[in-house]
Engineer: 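Just passing along the structure, written as structure tokens.
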Amino acid sequence: MSTLTERTEVASGYRAGRTLPVRVELLRQLKRRRTLVMFGILAVLPFVLVAAFAIGGEPDGRGDRITLMDTATASGANFAAVNLFVSAGFLLVIPVALFCGDTVASEAGWSSLRYLLAAPVPRVRLLWSKLVVGLGLSLAAMVLLPVVALAVGTAAYGWGPLQIPTGGSLGTVTAAQRLLIVVAYVFVSQLVTAGLAFWLSTRTDAPLGAVGGAVGLTIVGNVLDAVTALGDWRHFLPAHWQFAWADAVQPRPEWSGMIQGAAVSVTYALVLFALAFRGFTRKDIVS
């Protein structure tokens with residue numbers, strides 16, 4: 001009985017780990033119009049808020065209740081914190097869904113996915129490069145907003161400590177450190193949206209379906225969190241912890257909410273990323 005040994009011919013110098021480098025994929029995505037438009041929108045938002053305050057006047061507290069929004073014009077640090085506050089719930093969801101959902105699906109939509117795999121780029125390598133770039137652009141978007149807001153707010157309202165609505169303030173150095181923690185937490189909390197978008201991107205050839213599906217499911221999570229009848233079940237929803245970062249901008253920061261929120265978000269994200277890789281490696285690529 002003879003044994004048939006199957007040999008695969010590999011070109012000299014070929015290394016699977018060197019195919020589709022992250023820097024190449026990053027340059028491709030940075031040149032795309034949707035990337036430039038998204039970054040442009042985030043960069044313009046602080047100017048829009050400054051104009052709104054200039055037209056409508058400085059925000060005033062509602063009776064004895066003072067919120068973070070009411071301290072927006074106290075300093076550049078406060079203005080940066082307010083920009084994160086008004087954006088974290090929905091606006092920052094869009095770039096995450098866009099950068100992570102319009103990855104594999106866009107290649108399929110352009111009928112270039114099969115040619116990438118025939119290059120040959122291993123499927124895991126392709127997904128890894130696109131995921132790293134998608135998450136990197138998402139993080140860049142979240143850093144861009146407070147950085148521009150801090151610069152614009154400082155020019156408009158001056159450099160000073162972060163005034164806390166409940167009383168007291170944080171020095172400029174401490175405030176900068178706390179804002180970095182806030183940005184990091186917001187990024188971690190959005191990993192669920194990134195996971196949803198990335199998984200859907202491997203399941204459909206329509207980028208809009210992946211992006212819209214991730215945004216839609218995120219909105220559903222926010223709606224469910226508003227249903228108080230769910231009781232403690234809401235603690236398993238990532239949306240329940242999306243504003244836990246507010247505990248970091250207190251004289252004595254409280255970390256328990258952020259730790260629970262990060263744990264929930266990372267758990268969901270890891271499951272979704274695993275499903276994306278598992279499903280894509282077994283998928284028939286026809287586009």
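Predicted model only: the values in this text are computed from it and were never measured.
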Engineer: Looking only at side-chain N and O atoms, does E25 offer a donor or acceptor that is under 3.5 Å from a partner on Q29?
Structural biologist: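 On atom types as modelled, these side chains qualify, holding a pair under 3.5 Å.
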Engineer: Minimum heavy-atom separation for L135 to F187, with atom names?
Structural biologist: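 For L135 versus F187, the nearest heavy atoms are O-CE1, 3.6 Å.
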Engineer: According to salt bridge (Lys or Arg N to Asp or Glu O under 4.0 Å), who are the partners of R32, at least two apart in sequence or on a separate chain?
Structural biologist: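 Counting only residues at least two positions away or on another chain, R32 forms a salt bridge (Lys or Arg N to Asp or Glu O under 4.0 Å) with D102.
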Engineer: Would the distance check show the side chain of N78 and the main-chain N or O of Q163 forming a donor-acceptor pair, the cut-off being under 3.5 Å?
Structural biologist: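 Yes; at least one donor-acceptor contact below 3.5 Å.
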Engineer: Within the side chain of T193, is there an N or O that forms a donor-acceptor pair under 3.5 Å with the backbone of V93?
Structural biologist: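 Not a single qualifying donor-acceptor pair exists.
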Engineer: Report the C-alpha distance between S256 and E254 in whole Å, list the side-chain angles of each, state the deciding distance to 0.1 Å, and finish with yes or no for side chain to side chain contact (heavy atoms under 4.5 Å, CB included).
Structural biologist: CA-CA 6 Å; S256 60; E254 174 61 44; 2.8 Å; yes
Engineer: Should the ring pair F277 and F198 be called parallel, tilted or perpendicular, given that the plane angle runs from 0 to 90° and is split at 30 and 60?
Structural biologist: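 Tilted: the ring planes of F277 and F198 meet at 30° to 60°.
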Engineer: Please work out which of the three classes, parallel, tilted or perpendicular, describes the rings of H240 and H235, given edges at 30° and 60°.
Structural biologist: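 H235 vs H240 ring planes: tilted.
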Engineer: Could you check whether any side-chain N or O of R234 sits under 3.5 Å from a backbone N or O of T228, counting only pairs where one atom can act as donor and the other as acceptor?
Structural biologist: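 Absent.
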Engineer: Are the side chain of S201 and the backbone of G101 linked by a donor-acceptor contact shorter than 3.5 Å?
Structural biologist: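 Side chain of S201 to backbone of G101: a pair is present.
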Engineer: Please confirm whether the ring centroid of F243 lies under 6.0 Å from the ring centroid of Y185.
Structural biologist: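 No, ring centres 6.0 Å or more apart.
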Engineer: Is there a donor-acceptor pair closer than 3.5 Å between any side-chain N or O of S129 and the backbone N or O of R125?
Structural biologist: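 Confirmed, S129 side chain pairs with R125 backbone.
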Engineer: Does the T154 side chain pair with the main chain of L150, one donor and one acceptor, at a distance under 3.5 Å?
Structural biologist: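 A pair under 3.5 Å: yes.
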Engineer: Evaluate the side chain to side chain contact (heavy atoms under 4.5 Å, CB included) criterion for residues S87 and L145: first the C-alpha distance (whole Å), next the side-chain angles of each, then the deciding distance (0.1 Å), finally the verdict.
Structural biologist: CA-CA 9 Å; S87 305; L145 177 62; 3.3 Å; yes
Engineer: Looking only at atom types and distance, does a side-chain atom of S265 sit under 3.5 Å from a main-chain N or O of V188, one as donor and one as acceptor?
Structural biologist: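 Yes; at least one donor-acceptor contact below 3.5 Å.
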